[in-house]
Amino acid sequence: MTSQAAADPAARTGGDRRIIVMMGAPGAGKGTQAERLAEELDLPHVSTGELFRAMLKSDSPLARKLRRYVESGGLVPDDIVVSMVEDRLRQEDAARGVILDGFPRTLAQAEALDKMLQRAGTAVCAVPYIEVPGELLLERLSGRRICTLDDQHVYHVHAMPAQAEGICDIDGAELYQRVDDSAETVQDRLDKQLPPMFEVIDYYAGHDVLFSVRGDQPPEEVTAELLRLIASRSAA
Ligand SMILES: [Zn+2]
């Protein structure tokens with residue numbers, strides 16, 4: 001909390017560069033909202049999931065290191081994630097700012113991001129947190145059903161049901177639930193991911209950049225509220 005960035009109001013707002021960090025549990029709609037904000041605010045959407053996927057296809061010392069962790073099923077260490085994001089923030093299209101999605105995931109990553117931005121003379125300006133009740137997350141995440149013939153045919157028992165229950169609209173094949181989407185697996189994943197996320201949220205609340213938006217309203221309304229809150233922060 002006593003970082004230079006927090007003490008220096010110019011660094012706090014980061015000049016004209018807008019670094020926005022999206023927060024939200026899996027199933028909160030964070031990725032979708034990040035995409036919409038990127039479009040509305042004309043900033044690149046930087047998703048660490050996509051950075052990982054792109055890097056795994058490339059060949060560099062960092063990519064080889066990353067591949068070793070992913071192949072062994074281990075957690076990717078903070079220093080790899082941080083260098084990847086740092087490289088991305090140096091690219092020209094990020095000069096005006098970015099919408100970060102999937103980073104920082106831990107308190108250590110949040111602190112590393114602040115240091116990295118401080119070196120570049122800027123700081124995180126807004127951290128929208130899309131808040132969704134736990135039961136609803138579970139319902140959203142465990143409702144997915146996939147076609148046994150083609151895994152691109154994806155349904156959701158509430159959000160996008162098939163016309164006939166359990167049957168693919170396109171080819172009439174049976175639908176199934178992936179083990180990854182079962183209630184137990186989903187709950188397990190939430191139990192692991194939520195505590196570090198709350199630490200990051202507390203960190204940003206302490207830096208006065210966090211605001212919450214209810215994620216259990218229609219996606220267009222979530223976007224509108226996010227844009228309103230981000231605009232009011234920029235005007236302040
Ligand atoms: Zn199908």
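Counting starts at 1 for both ligands and their atoms, in listed order.
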- request: Hey, could you give me the NE2/CG distance between H153 and D171, rounded to the nearest 0.5 Å?
  value: 5.5 Å
- prompt: Does D79 CG have over 12 foreign heavy atoms under 6.0 Å away?
  reply: yes
task: Hey, could you give me the CD/CG distance between E131 and L137, rounded to the nearest 0.5 Å?
output: 10.5 Å
message: I'd like to know if D216 and R140 make a salt bridge, using a cut-off of under 4.0 Å between side-chain N and carboxylate O.
response: no
- line: Under 2.8 Å from the Zn ion (ligand 1), protein N/O/S atoms total 5
- request: Please determine if D42 and R18 form a salt bridge, counting it only when a charged side-chain N lies under 4.0 Å from a carboxylate O.
  value: no
task: With sequence neighbours left out, write down each residue that passes side chain to side chain donor-acceptor pair (under 3.5 Å) with E174, or none if nothing qualifies.
output: none
